[in-house]
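First comes the structure, then the notes that go with it.
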Amino acid sequence: MKIASWNVNSLNVRLPHLTQWLADAQPDVVALQETKLEDAKFPVDALAAAGYRAVYAGQKTYNGVALLARADTQPAFADVVTDIPGLDDPQRRILAATVGELRVVDLYVVNGKAVGDEKYAYKLDWMARVREFLAAELERHPNLVVLGDFNICPDDRDVYDPVAWGEDILCSPPERAALKAITELGLHDSFRLFETDAGHFSWWDYRQAAFRRNMGLRIDLILIGEALKPRARAATIDREPRRWERPSDHTPVTLDLDI
DNA sequence: ATGGTGGGTCTCCCA
């Protein structure tokens with residue numbers, strides 16, 4: 001099966017891109033971020049027409065996450081979770097569900113704005129709470145996939161100009177440590193099982209013709225538990241939708257699993 | 001250091 005993650009930056013604007021990409025790439029499970037839609041406005045019918053079931057946790061204007069699964073090949077979603085237990089947070093950034101043999105956790109990690117900002121403190125606290133949640137999920141569900149927009153570059157290979165970027169937001173040592181604390185639970189960055197070179201990115205700023213100049217970052221990740229590691233067959237970053245008219249600033253990342 | 005572009009509750013906030 002093929003599993004994918006895509007920050008669409010407004011599902012309202014990007015619905016035509018999404019349905020085109022679903023038809024082209026034929027993923028089995030898709031995690032979306034930044035849908036920016038209230039649940040009542042989620043395009044359930046358009047996605048059903050495209051062959052996909054959906055679960056979603058959205059809000060107006062900001063954030064919003066959703067999971068899609070092919071209706072013809074995948075069973076209904078089960079055990080849906082939309083909040084980190086014990087965290088009272090109105091921001092819709094997490095969505096967990098079981099799809100057949102897989103437990104899937106979709107994350108839209110806090111951006112953080114700038115090192116030292118109050119949003120940065122919220123980011124680090126949120127990551128620590130997510131880590132606790134994932135530790136519990138991993139105990140219950142060995143076939144765990146954690147994917148989404150992590151808003152953290154794992155290391156300097158994931159930054160177009162690591163010297164210029166330095167220890168700024170998305171690359172600061174505390175952010176990287178927070179991500180490492182999650183991967184050290186036994187969650188592997190699947191892209192790095194197949195590609196060790198620098199220069200592979202999933203996000204490019206809209207400004208300064210960053211995409212054309214490949215001035216990007218790799219911040220969209222698909223992490224898999226130990227049990228799934230031997231089942232991983234290929235990981236890709238599909239840059240094609242970033243070339244389309246009026247694109248999201250992120251492009252889809254995928255993982256093929258022998259499952 | 002600044003500003004560039006794009007999204008939405010659209011002359012401000014967020015990324």
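The chains referred to below are lettered A, B, ... by the order of the sequence lines, with proteins before strands, and numbering in each begins at 1. Scope of the values below: all heavy atoms of this structure, side chains included, with no hydrogens, waters or symmetry mates. If you're wondering where the values come from, they're calculated on a predicted model, not measured in any experiment.
Here B:dA15 presents its P atom at 12 Å from CD1 of A:I219, a figure rounded to the nearest Å. In this entry the distance linking CD1 of A:I152 with C1' of B:dA15 reads 15 Å, nearest Å. Between the P atom of B:dT5 and the CZ atom of A:R242 lies a distance of 13 Å, rounded to the nearest Å. A:R14 places its CZ atom 8 Å from the C1' atom of B:dG6, with the value rounded to the nearest Å. Taking atom CD on A:E38 and atom C1' on B:dG8, their separation rounds to 12 Å, with Å as the unit. Computed from coordinates, the A:L11 CG to B:dG7 C1' distance equals 13 Å when rounded to whole Å. To the nearest angstrom, C1' of B:dG7 lies 7 Å from OH of A:Y206. Note: CG (A:L37) to C1' (B:dG8) measures 11 Å, nearest angstrom.
Both A:L144 and A:V81 are assigned to one and the same hydrophobic cluster, defined by single-linkage of ILVMFWY side chains at heavy-atom distances under 4.5 Å.
Under 3.5 Å, the side chains of A:T73 and A:D28 contain a donor-acceptor pair of N or O atoms. A:E226 and A:H188 form a side-chain donor-acceptor contact under 3.5 Å, judged by distance and modelled atom types alone.
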Taking only nitrogen or oxygen atoms into account, show me every contact under 3.5 Å that the protein makes with nucleotides 1-3 of chain B, one pair per line with its distance.
{"from": "B:dG3", "atom 1": "N2", "to": "A:Q208", "atom 2": "NE2", "distance (Å)": "3.0"}

Under-3.5 Å N/O pairs linking protein and nucleotides 10-14 of chain B:
{"from": "B:dC14", "atom 1": "OP2", "to": "A:K119", "atom 2": "NZ", "distance (Å)": "3.3"}

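Nucleotides B:dG6 and B:dA1 are separated by 23 Å at their C1' atoms, to the nearest Å. Straight-line distance between the P atoms of B:dT5 and B:dT9: roughly 22 Å, to the nearest whole Å. Between B:dT2 and B:dG7, the two C1' atoms lie 22 Å apart (nearest whole Å).
Among the protein residues, A:T61 comes within range of the nucleic acid bases, having at least one heavy atom under 4.0 Å from a base atom.
Of the two residues contacting DNA chain B, namely A:V13 and A:W203, the nearest-nucleotide position lying further toward the 5' end is that of A:V13.
Looking at A:R140 and A:D79, no side-chain N of the basic residue comes within less than 4.0 Å of a carboxylate O on the acidic one, giving no salt bridge. Using a 4.0 Å cut-off between charged side-chain N and carboxylate O, A:R213 and A:D161 make no salt bridge.
Checking each of A:R92, A:R93, A:R129 against A:D83 for a salt bridge (Lys or Arg N to Asp or Glu O under 4.0 Å) leaves exactly one that passes, namely A:R92. Of the residues listed (A:L170, A:D117, A:D149, A:I152), the one engaging A:N111 in a side chain to side chain contact (heavy atoms under 4.5 Å, CB included) is A:L170, and it is the only one.
Between A:R246 and the phosphate of B:dT5, there is no side-chain N or O to OP1/OP2 separation shorter than 4.0 Å.
Residues A:P27 and A:L68 are not in side-chain contact: their nearest non-hydrogen atoms beyond the backbone lie 4.5 Å or more apart.
Aromatic ring pairs are classed by plane angle as parallel below 30°, tilted from 30° to 60° and perpendicular above 60°; the pair A:W165 and A:W203 is perpendicular.
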